[in-house]
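One-based numbering along the sequence shown.
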Amino acid sequence: RPGIAPERKASYAETIRAEVERLFEVTRNLKHRALLMTVYGAGLRVSEVVRPQVSDIDGDRMTIRVEQGKGQKDSYTVLSERLLQELRGYWRACRPPRPWLFAGPGGKKPLDRNTAYRIYVAAKAKAGIQKRGAFIRFVTPSPRICSNPAPICTPFNACSATAVRA
């Protein structure tokens, strides 16, 4: 009919953004939610998200230090305000043993990357997302900061996986 615009189809980016939000909404375990938000919010690979230590989070500069990332290079990535608040909430609620942001069982080693991947798969199934998707990066990767600023880190820790299941 004249004067009525055709219904607009959601863009690919809007669809992905909605799916990622659903992943976060269905994940009730604080550690799992913080892990997923760190992957998508900071543009980290699964092998990178399991290795950060608490001291790698810099709340003053709003960066996360990525040690030995792709190509065995150290770099920094952007830390959003939303992600910082999520990580702080996780730290206040759980306070797991240092130094790992996402510690594995016992707290002496980082979370295993296969465990992190299983967390993603479980959240994806719970969110009803059927598409095959890589648990590597968000739609548009966050820019890496290639310089090496002297880290001035705001200390906070992370949570063990015993709270609430994903």
Side-chain angles (χ1 to χ4, degrees), residues 16-70 74-124 126-127 135-166:
I16 296 296
R17 190 172 292 115
E19 289 177 349
V20 169
E21 284 299 328
R22 269 200 335 261
L23 276 178
F24 301 156
E25 288 171 12
V26 301
T27 305
R28 299 289 176 226
N29 180 297
L30 294 175
K31 179 179 182 177
H32 297 176
R33 181 180 162 95
L35 179 115
L36 292 170
M37 288 186 82
T38 303
V39 166
Y40 287 100
L44 298 180
R45 294 170 177 83
V46 69
S47 61
E48 295 169 339
V49 78
V50 295
R51 288 193 315 243
Q53 296 186 9
V54 174
S55 59
D56 293 333
I57 307 298
D58 187 341
D60 294 330
R61 291 194 175 131
M62 300 302 285
T63 60
I64 300 174
R65 182 171 187 263
V66 180
E67 192 172 320
Q68 297 294 296
K70 186 174 181 179
D74 295 349
S75 63
Y76 288 81
T77 188
V78 176
L79 172 64
S80 71
E81 185 63 37
R82 180 178 177 190
L83 178 56
L84 179 61
Q85 293 309 314
E86 184 72 25
L87 291 172
R88 283 181 172 164
Y90 166 49
W91 158 242
R92 280 191 295 271
C94 302
R95 298 193 189 250
R98 292 183 186 244
W100 305 107
L101 183 59
F102 301 111
K108 298 201 185 297
K109 292 182 179 179
L111 187 69
D112 182 72
R113 64 186 283 177
N114 292 325
T115 302
Y117 184 75
R118 284 193 298 274
I119 291 167
Y120 162 72
V121 170
K124 191 173 100 166
K126 195 170 183 181
F135 179 58
I136 298 172
R137 290 187 179 262
F138 188 34
V139 184
T140 54
S142 297
R144 292 290 172 104
I145 301 168
C146 295
S147 62
N148 285 325
I152 302 171
C153 299
T154 305
F156 65 93
N157 207 338
C159 182
S160 68
T162 57
V164 184
R165 298 218 178 256

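- Sorted by first and then second residue, the pairs that involve residues 33-42 and meet salt bridge (charged side-chain N to carboxylate O under 4.0 Å, His left out), not counting sequence neighbours, are R33-E86.
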| task | Using the side chain to side chain contact (heavy atoms under 4.5 Å, CB included) rule, take L35 and Y120 through it: C-alpha gap first, then chi angles, then the decisive distance, then the call. | result | CA-CA 9 Å; L35 179 115; Y120 162 72; over 6 Å; no
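- Closest approach of L79 to G59, counting heavy atoms only: CD2-CA, 4.5 Å.
- When all heavy atoms of A116 and V50 are compared, the pair lying nearest together is CB-CG1, 3.7 Å.
- Taking the ring axis of W100 as reference, the NZ or CZ atom of R98 does not stay both within 45° of it and closer than 6.0 Å to the ring centre.
- In this structure E19 satisfies the salt bridge (Lys or Arg N to Asp or Glu O under 4.0 Å) test together with K131, sequence neighbours excluded.
- The side-chain hydrogen bond (donor to acceptor under 3.5 Å, both in side chains) test applied to R22 returns no partner, not counting sequence neighbours.
- Side-chain contact between L83 and T38 is present, with at least one heavy-atom pair separated by less than 4.5 Å.
- The minimum heavy-atom distance between L30 and A93, with the atom names listed, is CD1-CB, 3.4 Å.
- Between Y90 and F102, the ring planes are parallel. Angles under 30° get that label, and only those over 60° would be called perpendicular.
- Distance check, rounded to the nearest 0.5 Å: CD1 of I119 to OG1 of T27 gives 9.0 Å.
- Take E25 and apply the side-chain hydrogen bond (donor to acceptor under 3.5 Å, both in side chains) test, not counting sequence neighbours, and it matches no residue.
- Nearest heavy atom pair, residue A42 against residue T77, reads O-OG1, 2.8 Å.
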Problem - Criterion side chain to side chain contact (heavy atoms under 4.5 Å, CB included) on M37 and R82, from CA distance to verdict - result: CA-CA 9 Å; M37 288 186 82; R82 180 178 177 190; 3.4 Å; yes
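- Residue R51 comes nearest to D56 through the heavy atom pair O-OD2, 4.5 Å, listed as atom of the first residue, atom of the second, then distance.
- Side-chain contact between V78 and M62 is absent, with no heavy-atom pair separated by less than 4.5 Å.
- One finds no salt bridge joining D58 and R65 here, because no Lys/Arg side-chain nitrogen approaches an Asp/Glu carboxylate oxygen to under 4.0 Å.
- What you find for L111 and K31 is that their closest heavy atoms are CD1-NZ, 4.0 Å.
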